[in-house]
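Please read all numbers here as calculations on a predicted model, not as lab measurements. Just so it is clear: chains get the letters A, B, ... in the order the sequence lines come, proteins before strands, and each one is counted from 1.
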Amino acid sequence: MKILLAGDTHEANEGATGFDLFQDRSVIAMTVNGSARDLAHVLSPGDSVIGITIQSPAGLEILRHSTAHVMAQAVQELFPDSKLGIGPYITDGFYFDFDVAEPFIPEDIRRIEKRMKELVGKSQRFRRVEVTEAEAIELMKNEPYKLELIGLKSEDVAEGSVEVSPDGLSVYENVNPDGSVAWMDLCRGPHLPNTRQVGKNFSLLRSAAAYWRGNENNKQLQRIYGTAWDSREALDDFTEKLEQAAKRDHRKLGTELDLFSFPDEIGSGLAVFHPKGGIIRKVMEDYSRDRHEAAGYEFVYSPHITKSNLFEQSGHLGWYSEGMFPPMKLDSEIDESGVVKKQGADYYLKPMNCPFHILIFKSRSRSYRELPLRMFEFGSVYRYEKSGVLHGLTRVRGMTQDDAHLFVSPEQLQEELTKVLQFVLDLLRDYGLNDFYLELSTKEDGNPKFVGSDEVWKSASDTLEAVAVASGLELVPDPGGAAFYGPKISVQARDAIGRTWQMSTIQLDFNLPERFDLEYVGSDGDKHQPIMIHRALFGSIERFFGVLTEHYAGHFPPWLAPVQVVGVPVADEFGGYLEDFAKELKLEGVRVFVDHSDARMQKKIRDHTLDRVPFLILAGSRDEEAKTVSFRYRDGSQVNDVSLSEAKRMILEAINTKVQV
RNA sequence: GCCGACCUGGCGCAAUUGGUAGCGCACCACUCUUGUAAAGUGGGGGUUACGGGUUCGAGUCCCGUGGUCGGCUCCA
């Protein structure tokens, strides 16, 4: 029979499988007419076949999925009463969920990993068996979660399910060399031909609880995460990457570099910034203010608490109350005769700034001539986040947003959005992030959570999309991810080691202008409703601070570095010479000091390097005579015999141009 | 919020099976000081997160509270 092999016509025997086609041992599966199949799949005339190698992205997914099966087999051998949840591949690895009587302890994980290595050595074949629903139910009769998946049918199972496919049900058996079936699982496949190919380049990483089918009302299963690779080197690289990421952890660096802390006395998720973190934050904020001013924003201020009425009108108490701190209750005072002397009231800490800015807009009548009206505030908000989700500076209960609300006429919307997006991206680049993609979050049809007419949503989403596309950046759709009041673009930034962080969001809002009955007088003399754009650039200053700390691994560029220059005299007697130079820099606003401590020079260099000071300026007798200094940078490189004027110029230029050194 | 693990000077860690809480860094003092990542000596600092309990005796065992970490759910 004729088939198409990697695009070329190929003559194959009737009943040929992938094993007959591919001699290359690194081919572990194949796509047949676009669908991934086992090598054991029997081909039909006219099939179009492409091999999948183990090191390709699709091959690694199969490897990881097969590794998950081996893990599940090991778990069920060691814990015979355990029941299987789902076990998919994920980025860089896999997980498998189990219902077990007792949560796994680290020792269990080690035993499971050891057993997996033994199973790999047993050279079991992965055998696909296509089954009817009745057969599947019979085979999985002791696996209640699998039975639930069978009952659900594929369309109800989450996207990307590895258990069931639309084509029908199948199980995979792990078959011993003697033909006996060692283990089986309901699975869509495909798999490696043999457990041997799982190899030893895997590692179990951690265990944790996870809700069955991701629903917090369901039972929690025990999930084991692992990673698997096609070579020792790839596994080592991955491990190394994890270690690098751990070294960049802003929580660790925050303590080491004395930037911020979370005193237990204050409460969870509430940070204090120490002087060194404070100066970084101040520089970030100052620069942001300057740029906002230049871009036509106006500065407003609002209080941290408000009576409940405001959040009733805005809808927050209806939609968002779970995320808010409980109210401060002021009781009403009633005199003896039952007359209310003072009305009681509930005050809330604000979780968002928008209602306040709206009240500023409403404080007097507005003309179309004032639009776009751009209000900006570093607004501190408080959100009662669940205790389990708090995470360093990236997920806190008290934060300051660099928040702006733009009131525009419908005609101005597209142009203003374009400007805002450009502004956001420009500013992020100045802070050193320059690898972005955009996400367009839109409404989900039929979901009642989204307010407003389909027509308005469509026009808003289309406008956002046009603006996003025009930016030239990659655009990822996120259907159903919109806020209840309107669609949004979010800017995702990749950091120095390739992790992505959600940064800025730009949201369109038709709901609040309606709720607050906002209006302006148009050129026609009639009243019109403005559209609101919500926009936070850093997301929150705290989160952005955390992201920048990790992005730079604490090596902040000179303009952000808490201490920009430290003078290190070769011996005490040159301290004065450096002090004079430092004074000159100080006059230019440089954060500089000379280390006159009685430590030796080498020790000072070590200490300030560990402190990530961008410029160490050394001077000894040679320098004093020649009126020079020498530079030592954080990477250990040095530039010697630099004249004082040139040194000053180099330092100021690096600071002013916001470059990294 | 849920599941699990963890909590010992500022930081990182020790402390035999329950038996006098130690070390390194940092800090303070003194001595020393000439070229690019750690000079030497001495000193101060802890109610072992907090509150109960068991015990002759608790950092260690038990219970509760708080916090942290890893996930789940949720989100800037």
Measure CD/A:Gln638 against C1'/B:A37 and give the value in whole Å, please. 12 Å
Would A:Lys604 and A:Asp607 pass as an ion pair if we require N to O under 4.0 Å? no
Check whether any side-chain heavy atom of A:Trp501 sits under 4.5 Å from a side-chain heavy atom of A:Thr394, and report yes or no. yes
What does A:Ser630 touch in the nucleic acid at a heavy-atom separation under 4.0 angstrom: a base, only the sugar-phosphate, or nothing? base
Here the distance between atom P of B:C6 and atom CD1 of A:Ile105, to the nearest Å, is 10 Å
By the 4.0 Å heavy-atom rule, please label A:Ala210 as base, sugar-phosphate, or nothing. sugar-phosphate
I want to check something: taking the side chain as every heavy atom from C-beta on, are A:Leu421 and A:Val491 in contact at a cut-off of under 4.5 Å? yes
Do A:Ile651 and A:Phe631 touch side chain to side chain, with heavy atoms closer than 4.5 Å? yes
Do other residues, nucleotides or ligands put more than 12 heavy atoms under 6.0 Å from the NZ atom of A:Lys252? no
With a sphere of 6.0 Å drawn around NZ of A:Lys282, does it hold more than 12 non-hydrogen atoms of other residues, nucleotides or ligands? no
Establish, for the pair A:Arg397 and A:Tyr384, whether the NZ or CZ atom is under 6.0 angstrom from the six-membered ring centre and no further than 45 degrees off its axis. yes
How close or far is atom P of B:C75 from atom CD of A:Glu216, stated in whole angstroms? 11 Å
Any donor-acceptor pair, under 3.5 Å, between the side chain of A:Arg395 and the base of B:C74, if you only look at N and O atoms? yes
Heavy-atom closest pair, residues A:Met116 and A:Ala74: CG-CB, 3.8 Å
Interatomic distance where CZ belongs to A:Arg383 and C1' belongs to B:A76 [whole Å]: 6 Å
So which protein nitrogen or oxygen atoms get under 3.5 Å of nucleotides 23-27 of chain B's nitrogens or oxygens?
from, atom 1, to, atom 2, distance (Å)
B:A26, OP1, A:Lys603, NZ, 2.5

Watson-Crick and G-U pairing of RNA chain B, under 3.5 Å, as dot-bracket with | and [ ]: (((((((..((((.....[..)))).(((((.......))))).....(((((..]....))))))))))))....
Length of the line joining A:His316:NE2 and B:A76:P, which is rounded to integer Å: 11 Å
In terms of the nearest nucleotide of RNA chain B, which residue is placed more toward the 5' end: A:Arg634 or A:Gln401? A:Arg634
Compare all side-chain heavy atoms of A:Tyr348 with those of A:Ile305 and state whether any distance is below 4.5 angstrom. no
What's the verdict on salt bridge (charged side-chain N to carboxylate O under 4.0 Å, His left out) for A:Asp495 and A:Arg248, showing C-alpha distance, side-chain angles and the deciding distance? CA-CA 11 Å; A:Asp495 74 7; A:Arg248 288 171 177 264; 5.8 Å; no
Base, sugar-phosphate alone, or nothing: which one does A:Asn640 contact when heavy atoms must sit under 4.0 Å apart? base
Relative to the ring of A:Phe98, is the ring of A:Phe96 parallel (under 30°), tilted (30 to 60°) or perpendicular (over 60°)? parallel
Check nucleotides 28-34 of chain B for protein N or O atoms closer than 3.5 Å to its own N or O atoms and list the pairs.
from, atom 1, to, atom 2, distance (Å)
B:U31, O4, A:Asp598, OD2, 3.4
B:C32, O2, A:Arg600, NH1, 2.8
B:C32, O2, A:Arg600, NH2, 3.0
B:U33, O4, A:Asp572, OD2, 3.3
B:U34, O2, A:Ser621, OG, 3.4
B:U34, O4, A:Glu573, OE1, 3.3
B:U34, O4, A:Glu573, OE2, 3.0

Once the angle between the rings of A:Phe262 and A:Phe260 is folded into 0 to 90°, is it parallel (under 30°), tilted (30 to 60°) or perpendicular (over 60°)? perpendicular
Distance to the ring centre below 6.0 angstrom and angle to the axis at most 45 degrees; does that hold for A:Arg223 and A:Tyr95? yes
Does any donor-acceptor pair link the side chain of A:Gln602 with the base of B:U36 at a separation under 3.5 Å? no
I need the residues from residues 220-227 of chain A with at least one non-hydrogen atom less than 4.0 Å from RNA chain B; give them sorted by number, or say none. A:Gln220, A:Gln222, A:Arg223, A:Tyr225
Should the side chain of A:Tyr211 and the base of B:G1 be counted as holding a donor-acceptor pair, with the cut-off at 3.5 Å? yes
The side chain of A:Pro103 lies closest to which of these nucleotides: B:A37, B:C3, B:C75? B:C3
Is any side-chain N or O of A:Lys386 under 3.5 Å from a base N or O of B:U73, one able to act as donor and the other as acceptor? yes
When you check the phosphate oxygens OP1 and OP2 of B:G71, does a side-chain N or O of A:Arg206 lie under 4.0 Å from one of them? yes
Would you say A:Glu107 has more than 12 foreign heavy atoms packed within less than 6.0 Å of its CD? yes
Can you give me the N/O atom pairs linking the protein to nucleotides 65-69 of chain B at distances under 3.5 Å, or say none if there are none?
from, atom 1, to, atom 2, distance (Å)
B:G67, OP1, A:Ser268, OG, 3.4
B:G67, O3', A:Ser268, OG, 3.4
B:G67, O2', A:Asp264, OD1, 3.0
B:U68, OP2, A:Ser268, OG, 2.8
B:C69, OP1, A:Arg251, NH1, 3.1

For A:Phe544 versus A:Met284, what's the shortest heavy-atom pair and its separation? CD2-CE, 3.4 Å
What contact category does A:Leu610 fall into here, base, sugar-phosphate, or nothing, at under 4.0 angstrom with non-hydrogen atoms? base
Are A:Ile86 and A:Pro88 close enough that some pair of their side-chain heavy atoms sits under 4.5 Å apart? yes
Mind checking whether A:Phe556 and A:Phe545 have parallel, tilted or perpendicular rings, split at 30° and 60°? tilted
Whole-Å gap separating C1' (B:C74) and OH (A:Tyr384): 14 Å
Can you measure A:Glu256 atom CD to B:G10 atom C1' for me and round it to whole angstrom units? 13 Å
Which heavy-atom pair separates A:Leu349 from A:Met324 by the least distance, and what is that distance? O-CE, 4.4 Å
If each of A:Gly388 and A:Val396 is mapped to the nucleotide of RNA chain B with the nearest heavy atom, which maps nearer the 5' terminus, i.e. the 5' end? A:Gly388
Looking only at heavy atoms, which two atoms of A:Leu84 and A:Tyr145 are closest? And how far apart? O-CB, 3.2 Å
If you check every side-chain atom of A:Glu385, which of B:C11, B:U36, B:A76 has the closest atom? B:A76
CZ-CG distance between A:Arg632 and A:Asn640, expressed to the nearest 0.5 angstrom: 11.0 Å
If a protein heavy atom is under 4.0 Å from the base, mark B; if only from the sugar-phosphate, S; if neither, -; do that for nucleotides 41-52 of chain B going 5' to 3'. ------------
When only distance counts, do a donor and an acceptor, one from the side chain of A:Asp623 and one from the base of B:G35, lie under 3.5 Å apart? yes
Can you identify which nucleotide, out of B:U73, B:U36, B:A76, has its nearest atom closest to the A:Val389 side chain? B:U73
